[in-house]
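Contents: one structure, followed by commentary.
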Amino acid sequence: MNSRTLLTLAGIAALALAPAFVYPMLMVKLLCFAIFASAFNLMLGYTGLLSFGHAMFFGTAGYILGLGMKHLGWSPEIGLIAGMAGAGLLGFIAGAIAIRREGIYFAMITLAISQLIYFLAMQTDWTGRDDGLHGIPRGRLFGLIDLENDLALYGLVAVCFVLALAAIHRIVTSPFGQVLTAIRENEPRALSLGYDVARYKVLAFTLSAALSGLAGGLKALALSYESLNDLHWSLSGEVVMMCILGGLGTLSGPVAGAFFVILLQNFLADKVGEWLSVIIGLVFLFCILAMRKGFVGELSQRLAGLRGKARAAS
Amino acid sequence: QEAPIRIALMTDLAGPTADYGGQGGMEAIKMAVEDIGGSINGRPVEIAFIDHQNKPDIAVTKAREAYDNGTDMIINLSNSAAALGVMEIAKAKNKVVIVTGAGSSKITGDACSPNTVHFAFNAYSLSNAPVEALTRAGDDDWFLIVSDFAYGLSVEGAVTGAVDQAGGKVVGTVKHPAFMATDFSSYALQAISSGAKVIGLSNSSSDTTNSIRALKEFGLGDDQKMVAFTLLINEIHGLGIDQASGLVYATAFYWDRTEATREWSKRFYERVGKMPNMVNAGDYSGTLHYLRAVEAAGTSDADKVLEKMHEMPVNDMFAENGRVREDGMMVHDMYLVQVKTPEESKYPWDYLNVLETIPAEKAFVPLEQSECPLVAKD
Amino acid sequence: MTHVLETAGLCKEFGGFRAVSDVSLKVREGDIHALIGPNGAGKTTVFNLLTKFLQPTSGTIVLEGRDITGEKPAALARQGMVRSFQISATFPDLTVLENVRVALQRRSAPTYAFWLPGRVLDRLNARAMELLELVDMQDFAQTRAADLSYGRKRSVEIATTLAMEPRVMLLDEPTQGMGHEDVERVTRLIKRVSAGRTILMVEHNMKVVSGICDRISVLQRGSILAEGSYAEVSADPRVLEAYMGSDDADGDIGAGGEP
Amino acid sequence: MSETVLSLKNVNGWYGESHVLHGVDLDVSRGEVVSLIGRNGAGRTTILRAIMGLLERREGRIELKGRDVSSAAPHRLARAGLGYCPEERGIFSTLTCEENLLLPPVTRAGSGMIVPLSEIYEMFPNLAERARSPGTRLSGGEQQMLAIARILRTGADILLLDEISEGLAPVIVQTLARVIRELKSRGFTIVMVEQNFRFAAPLADRFFIIEHGRVIDVVQQSDLAQRMDEIRRFLGV
Amino acid sequence: MTEIFGVPAQVLYGQLLLGLVNGSFYALLSLGLSVIFGLLNIVNFAHGTMYMVGAFLAYVLLSPLGLNYWWALALVPVLAAGIGIFIERTVLKRIYGLDNIYGLLVTFALTMIIEGVVRVYFGVSGLRYPVPQALTGMLDLGFMRLPIYRVWVIVAALGLCLLTWAIIERTRLGATLRAGTENPKLVQAFGVNVPMLVTLVFGWGVGLAAFAGVLAAPLMQLTPQIGHSIIITVFGVVVIGGMGSILGSILTGLALGLLEGVAKVYYPEASSTVIFVVMILVLLVRPHGLFGKQ
Ligand SMILES: Nc1ncnc2c1ncn2[C@@H]1O[C@H](COP(=O)(O)OP(=O)(O)OP(=O)(O)O)[C@@H](O)[C@H]1O
Ligand SMILES: Nc1ncnc2c1ncn2[C@@H]1O[C@H](COP(=O)(O)OP(=O)(O)OP(=O)(O)O)[C@@H](O)[C@H]1O
Ligand SMILES: [Mg+2]
Ligand SMILES: [Mg+2]
């Protein structure tokens, strides 16, 4: 057994044991954001495109799931799938519009699209506007498992988390992932090799959107609640922060980043009062300046350094 | 020693709605606990402060966690979305929630819950009285500046209804994006040039204060009046009395109204450095009422406490003979006030003339019009 | 002999400045055809017109009998005309093998299949190695492209280009910035891969031009000044004056070549 | 020869993690033309960048006209009389050809060394013709001419020239050779990096042979003929 | 009275004029943002915050220190530039050369810190800064009465914009700046003290923002969020105009102010969203903004 499988197994074991030590609903939230950040990383880390509107996928899926389950009697699995599909479709449309822009222009056009979605959500009565969509039932998974039980819900989220990470791993190592890497490395060259670059980017964007939708759907399901905050640009900004702090282009980086940001918000909030944003700002600033490659990037670099030394010593 | 009674103030500690709770709220509920002696029936009262950062989903997660960890009651909940979210959880977990910092009519309307008590104010109580009073006095055509979000729209609804009922007319409305703009000159100009006798501000916080400033700047006519539908005394303090003078609004509390309010407010002022607003006073009163109900029930079991809260009248410096209705609304007298002119104001925070007291029955939505499913209809 | 690539009356103006005027170029099948000329003569511009990176002001371009004047760049690549870049164009973080494989993948393996494991590409390895052998890079298959020397990067790039099985290759100053060692490698390489295809290149290094080019067009001020074999062109006094200069007055200097 | 104006002692240099210069020792006298030769990637460009203070990480001692400038910022070096013509030319696209030419501030160091604009346009007629064009609209060769011309009018008296014959038509390369001779006769000190040995051979007084980021040998112009085979072998021709 | 789509022409003119006032702010702010982006390649998220800081500094000068508006107008940009220079020297210089996402995040963190501090000390209820005595009163334009102060805003903001534009496009210093934008290292190798230039330019950009803040102070209640609400719009302006294009920022800023003015008459709810629609449309047609370069 190689160290990679070992690590994976350890991770799964930790997931299984976590609710015994950590408040399960906090774990649920952590995992939802971890999925979201990982999905986002598929764009920024692996495709090299900074989207500044990813919250639109997260929130849209939440609303689709919420409305479907509340008013149409959908079951949770239908809600999640519909949420993913909706987010994916939105991703496809937004991608088709935005994909030919580069760099900051790409970021801005995705921001603009997400602001339009936000505006629409603010203008329609079904979303409850800024009051939010309340009382989403959690329902029964496959008609069998009652998700009102927090542990059952945690189980669902944990399974989805593992699947999402596996999916991302598969995507980046697939033939498609190979093309994506080539495009990120040298786009004009990929173009000259006859790759229709825009299409690959749109597909990547769509996949990332759908996975973000999974995260958003799960979160709405878990909280029984969906709000405009999930569509807001500040959430799009937060997910960028999570990825950068954790480490771009690695599988575990965004997970670490998401955990860090959410836990920081969670634990600091009630302790430091009105200094909260100052302290979070300082922590972010420090992390970005001190750890360019993010936690995971820095850690693996240190480890590689140590290993190198060990090898040299032996 | 017996298990403590756990109450939590959940509020926006530092964000844009911090006036609707924040530091002031913390001190207010501390005062309530101190005033009752720190313990009930031998059980100490423990207070926790939870910052929801003005984000409803943080509110929802934290409320769930707090209730799961033994919190009996959560109070304040500035931000309607947060309030509505926490109400669902309180209901599912059968705990108590007292809303003081949010004014959505839904809280005691279609989203009402047996576990919720709504103190202080809501959209209806803040808008009905001023509309009625002014329209009655002949100022019968209205122009509304409406903030385009749920609360602003619900105020708009209440105002329009009240204007109709009183025989007046809404001659124009302009909706602006909520909390996004600082420039209200365009709306002010539209309002002024409409020639309406009253300009009603169906918005809140900085949107309201900026509207007031813009109206003044663009020369609100002498024959035109401004009415705000959601205003805290802190905001008048920030505006300066010259900008706000003449403004009419309704409030659930004014610190300089009676001996009791003055005495309490001065104590509050010592601790916080500013005079209490209606939400602060509501936090105090709500906490006190809850603790008294626990005392009377002899338990912190939610069903029994809620029963007592509905049964017992609310009598303190905030409310005289207030009572909690079936829909969860704590009904009490409201006050129609007008901001003094700079000359009339004699000492710091001397800002308001109380024009009239609106009796509880008139201040709140009549039960027969309530959309709350808990209200027995025949 | 047939002409693979033909232009007629090609013109390009940049805001009143005529960079290319009335160029009629005929590239014969199987030739290594060089485009030379003084700086600013319009060589790069002609290249850009041929590969559709620029749109001509007037004139037509015909590839293998088809008019391609209105085509898009990516479409040309699929029709068998491929341009190699002046600046080194590899995928720096991929290995040399992967670099070539990416090019093979587009023609003969799934590219959108995000659900398949990466293993499915392994069957391209054999062909990729063949191509690497062709450019003498088989020993570097597992090296990261970024770690290669400049000349070897060019080799990788050429292998990648060959993977697309182009019938016409356009090379813009392929030996620019190379040491002697690499110049020779690449020159030999170009000669080797020219078998069965047509190559059009811009080059200032007369040694390369004289060594491998079958035919040469000399451009000056946007127009063709002379055309013919190296011997013919280098004997033309106008070409000598405008481009090659007199190789005597100041002693032993000139462009490129050996010490 | 006369006074040493530029000397490097045990200079090391890095790009990020990779160690590129491994202890370069080199000295240049006033009025001398030296050429750095070596294979691709030997580190010649890096040496010029190290002299100019453009490497992120650099160790060792560099002296300019007798002063220690090991930790001086690039603009100080320029003001002390160094002029640098980079390999990638560095033409500014938002500036016109003429603005590019006039951009570098004139330094006092060698005010006698300023080549007037009219003379520059004489040397490179293309530039006069395209004076109003945006910098990057020039052809490759025109950009190269502009890059050289640009440092001639700053008053720098020590020129660091990286691959200036690159991409130029043979006629222009011949002009360039004349220019270098002219500059030398006016007293400029020149450090050239050249791939085109045929171009550099007759011009330089000394040749520093660079391999793997260090100077492995120095050849005098006078010894050039007899050591030709050696050099040829070294350059892999 | 003539009507345009059901709105009296007079009203529309009035609204357009007000739009111009906002447009002047957008122009001034986006100009600073553009200059900073141009030379530092940093997307300065904290730009709105510096605008807010400018307004609060004016307030502080006035109420504890008793220095009036004109003093504020002169001193605040300098003070703010000082803060900017401090930030540049201590924080920003550590991220030069990295992808500009780092600049965005670092300045985002700075925003959280600075805004948080202001909030702790000044609260959220809003402070008031009075209109200077000399500029009170109204100007009767026939179709509307315009407060004189707003006229002053247009004049001052546009004057400063033009000055900055002229410096950058028409002077040698400007040419150096533009060159520095492209290749700072090389410009430094030509003898220009680029690090200092960068620091000063950042200071200048921040000073412009703070100047806008002082101009805005008498127009609104000062809360720590005022920078927040404007920065997204200003980003939009810069992107539509083309990142780093000076003229683009100024013209787009004014144009968007006008457009917003129109939106406030016909569809006010969407007035803050309209910019995003414009942004999408513009970028669809011109991927690098109206005045941007490939
Ligand atoms: N986009 C453009 N706008 C304006 N003028 C241009 C543009 N591109 C090229 N030119 C001009 O057209 C002429 C031809 O340029 P081109 O790049 O084709 O020359 P070239 O033959 O490749 O020269 P070199 O050997 O120096 O690379 C030059 O004078 C150049 O200044
Ligand atoms: N920006 C960079 N980052 C990392 N490594 C670099 C960088 N630039 C150059 N190198 C490496 O440093 C070494 C020396 O490069 P340098 O450019 O100094 O060589 P050179 O002798 O000028 O060769 P050339 O003929 O290619 O110009 C090479 O191995 C090169 O790969
Ligand atoms: Mg060229
Ligand atoms: Mg070099």
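Lettering of chains follows the sequences in order, A, B, ..., and the numbering in each one begins at 1. No experiment lies behind these values; they were computed from the predicted model shown.
Among pairs with a residue in residues 129-145 of chain C, those fulfilling salt bridge (Lys or Arg N to Asp or Glu O under 4.0 Å) read Asp93(C)-Arg144(C), Arg127(C)-Glu130(C), Arg144(C)-Asp147(C), at least two apart in sequence or across chains. Within the structure, ring pair (Phe, Tyr, Trp, His ring centres under 6.0 Å) pairs that include any residue of residues 99-120 of chain C comprise Tyr200(A)-Tyr112(C) (at least two apart or interchain).
Contact of Val120(C) with chain A is made through the side chain alone, with heavy-atom distances under 4.5 Å. For Leu94(C), the parts lying under 4.5 angstrom from a heavy atom of chain A are both the backbone and the side chain. If you measure heavy-atom distances from Ile171(A) to chain C, the contacts under 4.5 Å come from both the backbone and the side chain. For Leu180(A), no part sits under 4.5 Å from any heavy atom of chain C, backbone or side chain. No part of Arg119(C) comes within reach of chain A, as not one of its non-hydrogen atoms sits under 4.5 angstrom from that chain.
At a heavy-atom cut-off of under 4.5 Å, chain C is reached by no residue from residues 42-62 of chain A.
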Exercise for review: Please lay out, stage by stage, how Val156(C) and Thr160(C) fare under the test side-chain contact (heavy atoms from CB on, under 4.5 Å).
Suggested key: CA-CA 6 Å; Val156(C) 173; Thr160(C) 313; 4.0 Å; yes
**Study point:** Residue pair Met81(C), Ile68(C): steps toward the side-chain contact (heavy atoms from CB on, under 4.5 Å) verdict
**Key:** CA-CA 11 Å; Met81(C) 181 158 93; Ile68(C) 57 161; 4.1 Å; yes
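Ranking Pro92(C), Pro117(C), Ala103(C) against chain A, the residue ahead of the rest is Pro117(C), based on heavy-atom pairs under 4.5 Å.
A donor-acceptor pair shorter than 3.5 Å cannot be found between the side chains of His33(C) and Thr198(C).
The closest side-chain heavy-atom distance from Leu148(C) to Thr90(C) is not below 4.5 Å.
With sequence neighbours excluded, no residue forms a ring pair (Phe, Tyr, Trp, His ring centres under 6.0 Å) with Phe140(C).
Residues Phe142(A) and Glu77(A) come closest through the heavy atom pair N-OE1, 2.9 Å. Of all the heavy atoms in Thr161(C) and Arg189(A), the pair that sits closest is OG1-NH2, 2.9 Å.
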